[in-house]
Amino acid sequence: MSIIDLIFIAAGAVMALLLAAFAWTSILESRPRAAFIGMGFLICFSTVWFGGFSILSPSDSIVVITLAVIAIPVILFFMPLGASKPIEIGEITEQVDERDVMFSREEYNSGSEKYNSYYAMRPENKEVDDKLRELPELMAPGGKYYDPVRSPYTDAIFKVIHGMVTEVDGEIEPVKSKSSPETMTARIKQFAHHLGADEVGIAPLNPMYLYSHVGRGPEPWGAPIDNSHKYVIVFTLEMKYDHVEAAPSLPITEESAAQYLRGTMISLALAQYIRDLGYPARAHISGSNYQLMLPPVAHDAGLGELGRHGYLISPRFGARIRIGAVTTDLPLITDKPIVFGVQDFCDRCLRCADNCPSASIPRGGKTDVKGVRKWPLQVESCLRYWRLIGTDCGLCMKVCPFSHPPSLVHNLVRVGIKRSSFARWISAYGEDFFYGKKVKF
Ligand code: SF4
Ligand code: SF4
């Protein structure tokens, strides 16, 4: 047997193992279509490759040509080819007012002081918001997925979080602990991981990502937000794959609430620890006590890129994450934003837009939103759909190809997407082919 024959057999074995790994991963992920196609490919490939070789005994030149046919796309998939585009952030022209955020607007009950003040300021939002408030609240009777036993679970978690919204700040120890920024950065990240964070990053706090005015929570509604901290510590928490796969229905909302609770505990503990070291620190927690927008600060902290659906996409967990943050003046070493092919991939992939039941995600290109080039989400129709079904929706998070759990095959695809525009192009088609263009729910 010649060297060329041995290379041929080894290449075939690697391909067959990868196909088997893909089929097995798909079975573990409860993806029957992908598992079926993967096994079909495995059987066809092994039969043609090894059967053809042993029966036909092809000449060396045929073997070399066959190897090249397989090797060329594999090389194109992993070689650096076509730069990944970063998110284009120009000069941000205006801060977002938290009073305009949909989760604030849905709370302005007709006739209340907030209602009258807000719609005097933004009359153009009144009609759509009035219609939204006519629908059942999330987790309340009347929503499609309301369950008298399960729905109160999520409410209970948020009640616990709400009980902590006044604990985000506090007394600062008068004596400052003296440690280098390098030591403190390592310590903060280590403690955040110890508390349960999956990924941690640090960014300079861009004041344009702070809300301009309070829209929810215990602080006076409409008060200007004053936070001059220099840094923001941001962390992500992975949401369980099987809960996200159940979207849109109760399990994704239960998982979301559970991760918000974890995020709250981590933020509060980190902020308290930093204040005990003698430096100002404020936790930003769910239950309406954020002072900033989490996805852009997480991007600045090197935790991911923003996708077409508006969620942060983490390199490890995709969109299956919740984010938490602490702002502080504790001197720290900052991380840099990362680029791993998301902007380019989203240009080709439309899975979130195609599967969004409320058509809230744009199918076209990006537009300029206050200095940031992005895909603008229709938040009104998105939240309207949530209230129709009575839970979080999360379909866009579920169908996003980056949300596959880490595994050998998915990680190899991620490497390709990061490096090669060929991989980004073929993976966008491959996702629809293996998993189906539209999900059933
Ligand atoms: S959460 Fe659901 S309704 Fe909202 S944008 Fe995503 S897919 Fe559309
Ligand atoms: S589903 Fe596709 S287009 Fe939407 S965010 Fe994910 S990768 Fe981008």
Side-chain angles (χ1 to χ4, degrees), residues 84-87 101-103 106 128 132 135 138 143-145 239 241 243-253 255-256 295 298-299 304-322 339-367 373-405 410 413-414 416-418 421 423-441:
S84 298
K85 292 179 289 192
I87 298 174
V101 172
M102 277 314 295
F103 289 115
E106 69 171 346
V128 68
L132 180 79
L135 297 169
L138 295 186
K144 182 177 172 191
Y145 296 113
M239 291 173 69
Y241 173 76
H243 283 62
V244 173
E245 272 301 290
S249 62
L250 285 173
I252 187 169
T253 315
E255 176 63 4
S256 200
H299 163 264
E305 292 189 51
L306 301 180
R308 181 184 287 274
H309 48 34
Y311 286 115
L312 184 84
I313 295 181
S314 132
R316 277 174 71 198
F317 309 116
R320 275 186 310 111
I321 48 170
R322 295 287 99 169
V339 178
F340 52 103
V342 172
Q343 307 309 302
D344 223 13
F345 191 87
C346 287
D347 274 340
R348 299 168 165 85
C349 167
L350 293 169
R351 286 180 67 76
C352 53
D354 287 343
N355 281 283
C356 174
S358 62
S360 304
I361 302 172
R363 299 188 89 259
K366 294 178 179 174
T367 51
R373 298 277 304 162
K374 61 192 269 195
W375 291 282
L377 186 72
Q378 292 296 319
V379 284
E380 288 89 353
S381 51
C382 171
L383 188 57
R384 183 178 168 76
Y385 183 72
W386 288 32
R387 289 190 58 154
L388 280 170
I389 59 174
T391 71
D392 293 13
C393 162
L395 265 168
C396 48
M397 178 189 288
K398 163 179 163 171
V399 300
C400 184
F402 288 97
S403 295
H404 290 298
H410 296 317
V413 173
R414 287 184 175 104
I417 287 174
K418 182 177 178 182
S421 56
R424 297 192 275 277
W425 171 74
I426 202 155
S427 301
Y429 287 108
E431 187 75 17
D432 285 347
F433 176 73
F434 286 108
Y435 298 99
K437 201 169 170 59
K438 289 261 193 179
V439 295
K440 295 189 181 74
F441 63 93

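What you see is a predicted model, and the numbers here were worked out from it, not measured in a lab. Both ligands and their constituent atoms are indexed starting at 1 by order of listing. For the numbers below, each heavy atom of this structure counts, side chains included, while hydrogens, waters and symmetry mates do not.
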**Message:** Distance check below 2.8 Å: does Cys400 bring an N, O or S atom to atom 8 (Fe) of ligand 2?
**Reply:** no
**Asked** Which of the listed options, His309, Arg424, Glu305, Arg348, holds the heavy atom that is closest to atom 5 (S) of ligand 2?
**Response**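 Nearest heavy atom to atom 5 (S) of ligand 2 lies in His309.
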**Message:** Checking Glu106 against Arg387 for the salt bridge (Lys or Arg N to Asp or Glu O under 4.0 Å) test, could you report, in this order, the C-alpha distance in whole Å, the side-chain angles of both residues, the deciding distance, and whether it holds?
**Reply:** CA-CA 10 Å; Glu106 69 171 346; Arg387 289 190 58 154; 2.8 Å; yes
Is any side-chain heavy atom of [X] closer than 4.5 Å to a side-chain heavy atom of [Y]?
X      : Y      : value
Glu431 : Arg351 : yes
Ile321 : Met397 : no
Leu395 : Val439 : yes
Arg308 : Ile361 : yes
Cys352 : Cys400 : no

Which atoms of ligand 2 have any heavy atom of [X] under 4.0 Å away?
X      : result
Phe345 : 7 (S)
Pro401 : 1 (S), 2 (Fe), 6 (Fe), 7 (S)
Cys349 : 1 (S), 2 (Fe), 3 (S), 7 (S)
Cys352 : 1 (S), 3 (S), 4 (Fe), 5 (S)

**Item:** Asp354 bridged to Arg363 by N-O distance under 4.0 Å
**Value:** yes
**Prompt:** Is any side-chain N of the basic residue among Asp347 and Lys85 closer than 4.0 Å to the acidic one's carboxylate O?
**Reply:** yes
Interfacing atoms of ligand 1 (cut-off 4.0 Å, heavy-atom, [X]):
X      : result
Trp386 : 1 (S), 4 (Fe)
Ser358 : 3 (S), 8 (Fe)
Ile361 : 5 (S)
Gly394 : 1 (S)
Leu377 : 5 (S)
Cys396 : 1 (S), 6 (Fe), 7 (S)
Cys393 : 1 (S), 2 (Fe), 3 (S), 7 (S)

**Item:** His404/Phe317 aromatic ring centres below 6.0 Å
**Value:**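 Ring centres of Phe317 and His404 not closer than 6.0 Å.
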**Asked** Regarding Ser256 and Arg322, is there a side-chain donor-to-acceptor distance under 3.5 Å anywhere?
**Response** yes
**Message:** Does only the side chain of Tyr311 get under 4.0 Å from ligand 2, or the backbone, or both, or neither? Count heavy atoms.
**Reply:**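 It is neither part, as no heavy atom is under 4.0 Å.
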**Closest protein heavy atom to atom 8 (Fe) of ligand 2, given as residue, atom name and distance to 0.1 Å** = Cys346 SG, 2.3 Å
**Item:** For atom 4 (Fe) of ligand 1, the protein heavy atom that lies nearest, with its residue and separation
**Value:**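 Protein heavy atom with the smallest distance to atom 4 (Fe) of ligand 1: Cys382 SG, 2.4 Å.
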**Request:** For the residue pair Phe402 and Phe340, categorise the inter-ring angle as parallel (less than 30°), tilted (30 to 60°) or perpendicular (more than 60°).
**Result:**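 Ring orientation of Phe402 relative to Phe340: perpendicular.
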**Prompt:** Do Ser427 side-chain atoms and Arg424 backbone N/O form a donor-acceptor pair below 3.5 Å?
**Reply:**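 No: the side chain of Ser427 does not pair with the backbone of Arg424.
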**Item:** Cys356 near atom 4 (Fe) of ligand 1 via N/O/S, less than 2.8 Å
**Value:** no
**Prompt:** Is there a heavy atom of Leu383 sitting under 4.0 angstrom from any atom of ligand 1?
**Reply:**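 Under 4.0 Å: no for Leu383.
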**Asked** For ligand 1, does Asn355 get within less than 4.0 Å through its side chain, its backbone, both, or neither, judged by non-hydrogen atoms?
**Response**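 None of Asn355 does.
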**Request:** Measure Asp392 to ligand 1 on non-hydrogen atoms and call it side chain, backbone, both or neither using the 4.0 Å cut-off.
**Result:** neither
